[in-house]
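Down below is the structure, laid out as structure tokens.
Computed from a predicted structure; not experimentally measured.
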Amino acid sequence: MISCTTLRSTVVLSAGLLLSGILLLLIAEGAARPVPTAHIALLAVLGGAVALGFGFALAVSPWSRHYFDNCEH
């Protein structure tokens, strides 16, 4: 079900993935095997971008407009 909570959760998930990707990249610089850690960091950052893009597409789609009419920001 699409709701305001779904949209907020998507934004929080995106921010969490971005922060975890940045932290993993910082850890990868001092790790013994930096390449796998850097790949996981890249996947986390890209996953955050995909989640945010999905939330944006969900918010601007015309068929979901009536679900977001009563949202209090």
Item to check | Spacing of L58 atom CG and T10 atom OG1 [to the nearest 0.5 Å] | outcome: 7.0 Å
Item to check | Stepwise side chain to side chain contact (heavy atoms under 4.5 Å, CB included) check, S9 with T6 | outcome: CA-CA 5 Å; S9 299; T6 307; 5.8 Å; no
Checklist outcome for this item: Closest heavy-atom pair, A59 versus L7, reported as atoms and distance to 0.1 Å, is CB-CD2, 4.1 Å
Item to check | All pairs passing side chain to side chain donor-acceptor pair (under 3.5 Å) where residues 21-48 contributes a residue, at least two apart | outcome: none
Checklist entry - Do you know which two heavy atoms are closest between P34 and A32, and how far apart they sit? => result CD-O, 3.4 Å
Item to check | Nonpolar side-chain network containing V50, other nodes, edges under 4.5 Å | outcome: none
Quiz: residues 11-25 side-chain donor-acceptor pairs under 3.5 angstrom, not counting sequence neighbours:
from : atom 1 : to  : atom 2 : distance (Å)
S14  : OG     : G48 : O      : 2.8
S20  : OG     : G16 : O      : 3.1
S20  : OG     : L17 : O      : 3.0

Next on the checklist: Suppose clustering is done on Ile, Leu, Val, Met, Phe, Trp and Tyr with side-chain heavy atoms closer than 4.5 Å. Which residues sit in the same group as L42?
Outcome noted: L46
Item to check | Counterpart residues, side-chain hydrogen bond (donor to acceptor under 3.5 Å, both in side chains), relative to S61 (two or more places apart) | outcome: S64
